[in-house]
Amino acid sequence: MGVSRGGFSSRIGFIMAAAGSAVGLGNIWGFPTQTASNGGAAFVLVYLVLAFCLAYPAFMAELLIGRYGQANAVTSLQKMSHKLWQKRFAFIVGFGGIICAALILSFYGILAGWMMSYAIEPLAKLMGFNEVAQWLVDQSLIRNLAFTAFFMLLTIFIIRRGVEEGIEKWSKRLMPMLIALLILLIIYVVTLDGALEGLNAYLNPDFSRVLEPDLLISALGQAFFSLSLGTSVMVIYGSYISKKEDLVSLGAQVTLIDVSIAFLAGLLIIPAMYVAQAQGVAIFAEDGSLISGSSLVFTVLPSLFDGMGAVGLFVGFGFFVLMTIAALTSSISMLEGPVSYAVERHDIERTKATTFIGLGILALSVIIVLNIEFMLDLVAIISTQYGQPIIAMLCSIFVGWIWHRNSLLAEIKQGHENIENTLFWKIWPWYVKYICPTAIAIVFLHSL
Ligand code: PHE
């Protein structure tokens with residue numbers, strides 16, 4: 001590990017950081033919302049299949065690119081290239097991922113800001129500041145600007161400190177808190193009236209819906225977003241892992257954590273919806289569709305917490321703090337992509353690069369907030385529905401078709417002497433070459 005660039009100091013440090021990147025609003029907000037709008041358990045089933053069969057192999061491709069290159073996405077991809085056109089292609093893919101990360105962060109910071117304001121609201125209520133509490137949960141320009149800026153400054157603060165002192169230390173602190181809080185909330189929710197009906201909707205799939213095109217596309221997008229693919233983030237995190245570590249099992253562990261937390265979040269939110277419904281909150285329209293898709297967590301959960309009386313204030317505080325934490329460990333990874341590029345390719349000092357890039361992305365967020373109706377969805381769609389799958393597909397093409405096979409195999413072997421006897425060794429190189437790009441392309445074209 002190069003002394004000057006830093007790296008994760010331990011296995012657990014990497015797992016927490018990569019899982020921290022993967023686990024975010026996508027798991028705790030996106031996944032349950034998508035599940036509720038796409039037929040419940042059928043979506044869960046398809047998501048699980050796609051996450052393990054397509055997202056995990058693509059995730060491994062990005063980690064391996066980074067660990068081989070020991071550098072930011074562009075440099076790493078260029079190290080695998082031999083011809084001039086390949087180096088140019090490497091630049092497009094690597095830089096494309098970096099731009100994608102910056103775009104995602106620009107809208108993600110706004111959503112994370114909402115989580116923060118919802119976390120503070122119960123505190124304001126507790127102190128008797130009811131007007132402030134109301135302001136915190138009403139959509140307003142000032143509130144959105146203030147909390148987006150606050151969240152971005154926190155992100156900048158952590159990334160300025162570097163890999164070990166910043167990313168690793170904070171992910172190790174924040175991730176276990178998140179898991180514990182989630183489990184406590186689930187235990188509480190399943191004891192309430194209506195929760196069983198919710199569990200049934202969540203766990204009992206209607207197989208006739210499994211092949212619906214909309215459902216497939218949403219599940220694929222969700223799986224790629226959740227593993228932070230196509231954004232250069234996993235390439236750079238891969239580059240901070242020591243060559244002694246067994247990347248294949250680390251990648252599998254991170255995928256398992258990511259998928260499990262999405263599953264746990266569903267176990268909380270879907271039953272909570274039905275509990276809220278049993279308490280008289282309108283959740284579904286007459287035709288069975290969801291009334292409030294993306295604002296689900298902001299309507300269902302607060303009404304659930306209200307129903308708990310005074311305890312609900314603390315639970316509400318806990319839940320939205322949890323969301324903020326999850327968002328923060330993801331947003332730091334998004335900022336690390338562009339920052340590592342600026343530091344390594346343009347020799348800019350880390351703290352300077354972080355501040356400039358962070359403020360630049362914040363400026364973009366401000367533009368989005370000022371045009372929120374029109375720009376929020378647009379930026380989200382461009383970066384997550386188009387950017388991520390395309391870049392992730394190009395990464396697997398890179399690994400399968402441009403990287404020399406022998407050097408790819410040698411990289412897989414690092415840290416895992418007996419890998420030749422595993423299924424991964426036998427299947428994955430072929431899989432990433434043919435199946436990943438084709439399957440991603442098919443689902444993607446289907447969505448057009
Ligand atoms: N995976 C994160 C989530 O689920 C979002 C993310 C996307 C993080 C892209 C980094 C890069 O919320």
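Each ligand, and each atom within it, is numbered from 1 in the order the structure gives.
Residue S21 has at least one nitrogen or oxygen atom sitting less than 3.5 Å from a nitrogen or oxygen atom of ligand 1, judged on distance alone. Residue-to-ligand polar distances place Y108 within reach of ligand 1: an N/O pair is separated by less than 3.5 Å. Distances between N or O atoms of I104 and those of ligand 1 include no value under 3.5 Å. Note: no N/O pair closer than 3.5 Å links M334 and ligand 1 by distance alone. Polar contact with ligand 1: present for G26 (N/O pair, distance under 3.5 Å).
Atoms of ligand 1 found under 4.0 Å from any heavy atom of S333, numbered from 1 in the order shown, are 10 (C). For ligand 1, the atoms lying closer than 4.0 Å to a non-hydrogen atom of T231 are 9 (C), 11 (C). Those atoms of ligand 1 that come under 4.0 Å of a heavy atom in N27, given as number and element, are 4 (O). In the vicinity of S228, heavy-atom distances shorter than 4.0 Å reach the ligand 1 atoms 1 (N), 6 (C), 7 (C), 8 (C), 9 (C), 10 (C), 11 (C).
Expressed to the nearest 0.5 Å, how far CG of L267 lies from CD1 of I261 amounts to 12.5 Å. Taken to the nearest 0.5 Å, the OG1 atom of T355 stands 11.0 Å off from the CD1 atom of I348. T324 contributes atom OG1, which lies 11.5 Å from atom CG of L111 (distance to the nearest 0.5 angstrom).
In this pair, F298 and W114 present their aromatic rings perpendicular. The plane angle is above 60°, beyond the 30 to 60° band.
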### Verdict with reasoning, Y118 to F147, per ring-ring contact (aromatic ring centres under 6.0 Å, His included)
CA-CA 10 Å; Y118 269 76; F147 280 93; 9.9 Å; no
### Task
I would like to know whether E336 and R350 meet salt bridge (Lys or Arg N to Asp or Glu O under 4.0 Å); could you show each step before the answer?
CA-CA 10 Å; E336 181 64 14; R350 184 174 186 91; 2.4 Å; yes
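Ring-centre distance between Y237 and F59: not below the 6.0 Å cut-off.
Residue contacts with ligand 1 do not include W29, since none of its heavy atoms lies under 4.0 Å from the ligand.
When heavy-atom distances to ligand 1 are checked against a 4.0 Å cut-off, A22 comes that close only through its backbone atoms N, CA, C and O. At a heavy-atom cutoff of 4.0 Å, ligand 1 is contacted by both the backbone and the side chain of F225.
Between E411 and K243 there is a salt bridge, since a side-chain N of the basic residue sits under 4.0 Å from a carboxylate O of the acidic one.
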